[in-house]
Amino acid sequence: MALQILLLGKNGQVGSELQQTLAPLGELVAWDIDELDLSQIERIEEAVWNLNPDVIVNPAAYTAVDRAEEEPHLARAVNSEAPRALAEVAQGMGAALIHFSTDYIFDGSKGMPYVEEDAPNPINVYGQTKLDGERAVQQIADAYLILRTSWVYSLRYDSFPTRVLSWAREQVVMRIVEDQVGSPTWSRMLAEFTTELLSDAGMSVFDWIRERSGVYHLAGLGEASRFEWAKAVLNFDPKKDEQIVRELKPARSEEFPNPARRPVYSALKCDRFMDVFGLNPPKWMDSLRMAMERSL
Ligand SMILES: NC(=O)c1ccc[n+]([C@@H]2O[C@H](COP(=O)([O-])OP(=O)(O)OC[C@H]3O[C@@H](n4cnc5c(N)ncnc54)[C@H](OP(=O)(O)O)[C@@H]3O)[C@@H](O)[C@H]2O)c1
């Protein structure tokens, strides 16, 4: 019998990669909002019961950090209530749940890489709703992994690296903030490591995950300011001759006000993930180099 996998958020940065990497592991059913709108909480239970998967992989989320300040109810439904409903149905049917979360559950005041035990203190609506989603999964599910990640990018989506590449073709002097620090994470790396976990779990996925249930940080290793990240993107650009930028200048966050506050520091330490699963995520810059070589 093949492993039955339900993937949600298949059209997102992480979900689209997972759709490719998970397919060889078993029978994969992949949904996005058209197949199941996660804000319609009352529809979740029946839809998932009908499918009866062995494992649910959930990178779907309301990720518009600024818009969440205006639409807290929708952000709460998708990021807090839907994970609760998924945990309930997973628990009811004996399925494992792999759920993704964010560095934005922290307030950024630590100033050194966050570990899983650090106290969360979200400073925006998105972060609060994601934290409540984590807590619901932890309270309800027996077999779950919460993979907390940071500064996710894909070169096939509107993301920080793709914006830097287009600014570099429009602006001679580019100003990039240097007072926000995180761990840039390639969406494909997340998908590959998640798939590797599930491959190790095999058909006894529920028991395997139950024995390892918990929160894990999984991100590109190390840390970078947005300024350093932008510099690396420009450096790895395979079409450098198209750039008109001549100068990269550091800027302060206050110069680019946004509706939502962001943690100034949110790098993640991934030691627990590496110890428990024996898998070593690459350094953020190595991933970026590979992403730009393979995707552009
Ligand atoms: N992006 C980051 O920098 C970042 C950083 C840390 C953690 N994370 C976390 O990592 C995970 C994956 O993020 P990502 O960057 O891949 O996000 P993404 O590209 O925004 O993808 C999220 C997916 O969820 C879908 N979705 C949104 N509302 C939905 C609804 N009501 N019903 C069903 N599906 C819905 C989206 O569909 P639409 O496109 O149609 O809205 C999209 O396909 C999320 O849990 C996120 O919180 C992301």
Side-chain angles (χ1 to χ4, degrees), residues 6-21 30-44 47-48 56-68 71 73-83 85-86 97-106 108 114 120 122 124-134 136-137 144-163 180-191 193-194 215-220 224 226 229 260 262-263 266-268 270 284 287 291:
L6 170 60
L7 169 66
L8 301 164
K10 69 168 179 184
N11 297 333
Q13 294 192 97
V14 178
S16 61
E17 300 289 352
L18 280 165
Q19 198 176 1
Q20 292 178 32
T21 57
W31 290 343
D32 210 286
I33 192 164
D34 290 342
E35 291 82 10
L36 176 63
D37 181 345
L38 292 171
S39 69
Q40 311 276 305
I41 306 302
E42 67 289 350
R43 287 200 50 218
I44 294 175
V48 179
I56 302 167
V57 182
N58 181 36
Y62 181 108
T63 55
V65 176
D66 288 317
R67 206 165 0 112
E71 295 184 324
H73 296 296
L74 185 54
R76 174 157 301 285
V78 180
N79 293 345
S80 314
E81 291 163 26
L86 289 170
L97 175 61
I98 300 184
H99 177 68
F100 287 84
S101 191
T102 174
D103 53 337
Y104 279 17
I105 59 130
F106 295 119
Y114 281 96
N124 58 39
V125 168
Y126 166 74
Q128 184 64 57
T129 60
K130 291 291 293 184
L131 176 61
D132 293 344
E134 280 190 11
V137 170
Y144 72 89
L145 303 177
I146 293 172
L147 301 178
R148 254 190 220 147
T149 189
S150 151
W151 288 17
V152 177
Y153 64 92
S154 160
L155 294 166
R156 295 185 291 109
Y157 286 72
D158 176 25
S159 62
F160 183 75
T162 56
R163 285 184 194 186
Q180 282 177 31
V181 174
S183 301
T185 304
W186 187 23
S187 54
R188 188 172 309 172
M189 184 281 279
L190 285 175
F193 277 72
T194 307
V215 178
Y216 296 90
H217 289 176
L218 174 58
R226 291 210 179 256
W229 190 11
R262 279 147 170 88
S266 61
L268 300 178
C270 303
W284 72 265
S287 272

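What you see is a predicted model; the values in this text were computed from it and never measured. Numbers here are sequence positions counted from 1. Just follow the structure's listing: the first ligand is 1, and inside any ligand the first atom is 1.
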Restricting to heavy atoms, the pick from K130, H99, R148 nearest atom 45 (O) of ligand 1 would be K130

Under 4.0 Å, heavy atoms only, figure out whether ligand 1 is touched by the backbone of V78, its side chain, both or neither.
-> side chain

Between D32, N79, I33, flag the one that comes closest to atom 37 (O) of ligand 1 by a heavy atom.
-> D32

Which residue supplies the protein heavy atom nearest to atom 44 (C) of ligand 1, what is that atom called, and how far is it?
-> P59 O, 3.4 Å

Are the charged groups of D37 and R43 less than 4.0 angstrom apart, N to O?
-> no

D103 heavy atoms within 4.0 Å reach ligand 1 at atoms 6 (C)

Return the minimal non-hydrogen interatomic distance between T185 and T149, and the atom names on each side.
-> CG2-OG1, 3.5 Å

At under 4.0 Å between heavy atoms, which part of L36 makes contact with ligand 1: side chain, backbone, both or neither?
-> backbone

Which segment of W151 sits under 4.0 Å of ligand 1 when only heavy atoms are counted = backbone

Under 4.5 Å between any side-chain heavy atoms of L147 and F193, yes or no?
-> no

Atom 20 (O) of ligand 1 [closest protein heavy-atom partner, distance rounded to 0.1 Å] = T63 OG1, 2.6 Å

For ligand 1, is L190 a contact, meaning one of its heavy atoms is under 4.0 Å away?
-> no

Considering only heavy atoms of S39, which atoms of ligand 1 have at least one such atom less than 4.0 Å away?
-> 31 (N)

Closest by any non-hydrogen atom to atom 48 (C) of ligand 1: pick that one out of I44, V152, L18.
-> V152

Y157 N/O under 3.5 Å from ligand 1 N/O | no

Checking heavy atoms under 4.0 Å, the part of S187 that sits near ligand 1 is neither

So, W151 versus W229, ring centres under 6.0 angstrom or not?
-> yes

Between D158 and R163, is there a side-chain N and carboxylate O pair less than 4.0 Å apart?
-> yes

Counting each atom of ligand 1 from 1 as listed, which ones have a heavy atom of T102 under 4.0 Å away?
-> 6 (C), 7 (C)

With a 4.5 Å heavy-atom cut-off, do D132 and N79 have their side chains touching?
-> no

If you measure every N/O of G15 against every N/O of ligand 1, is any gap under 3.5 Å?
-> no

A61, S101, S150: member with heavy atom nearest to atom 7 (C) of ligand 1 = S101

Salt bridge between D66 and R262, side-chain N to carboxylate O under 4.0 Å?
-> yes

Could you tell me which non-hydrogen atom of S154 sits nearest to which non-hydrogen atom of S187, and how far apart they are?
-> CB-OG, 3.4 Å

Quick one: does V137's side chain get under 4.5 Å of N58's, heavy atoms only?
-> no

Does a side-chain heavy-atom distance below 4.5 Å link F100 with V152?
-> no

What is the minimum heavy-atom distance between A60 and L38, and which atoms define it?
-> CB-CD1, 3.5 Å

Within a distance under 4.0 Å of any heavy atom of N11, pick out the atoms of ligand 1 and give their elements.
-> 43 (O)

Heavy atoms, side chains only, cut-off 4.5 Å: are D103 and S183 in contact?
-> no

Only heavy atoms count here, so choose which of F160, Y153, Y126, Y62 is nearest to atom 8 (N) of ligand 1.
-> Y126

Give the residue, atom name and distance (to 0.1 Å) of the protein heavy atom nearest atom 19 (O) of ligand 1.
-> Q13 N, 2.9 Å

The atoms of ligand 1 lying under 4.0 Å from a heavy atom of D37, numbered in the order shown, are 30 (C), 31 (N), 32 (N)

Return the residue, atom name and 0.1 Å-rounded distance of the protein heavy atom closest to atom 16 (O) of ligand 1.
-> V14 N, 2.9 Å

Which residue and heavy atom of the protein sit nearest atom 6 (C) of ligand 1, plus the separation = T149 O, 3.2 Å

Heavy atoms of the protein only: does one fall short of 4.0 Å from atom 39 (O) of ligand 1?
-> no

Side chains of Q128 and R76: does their closest heavy-atom pair fall under 4.5 Å?
-> yes

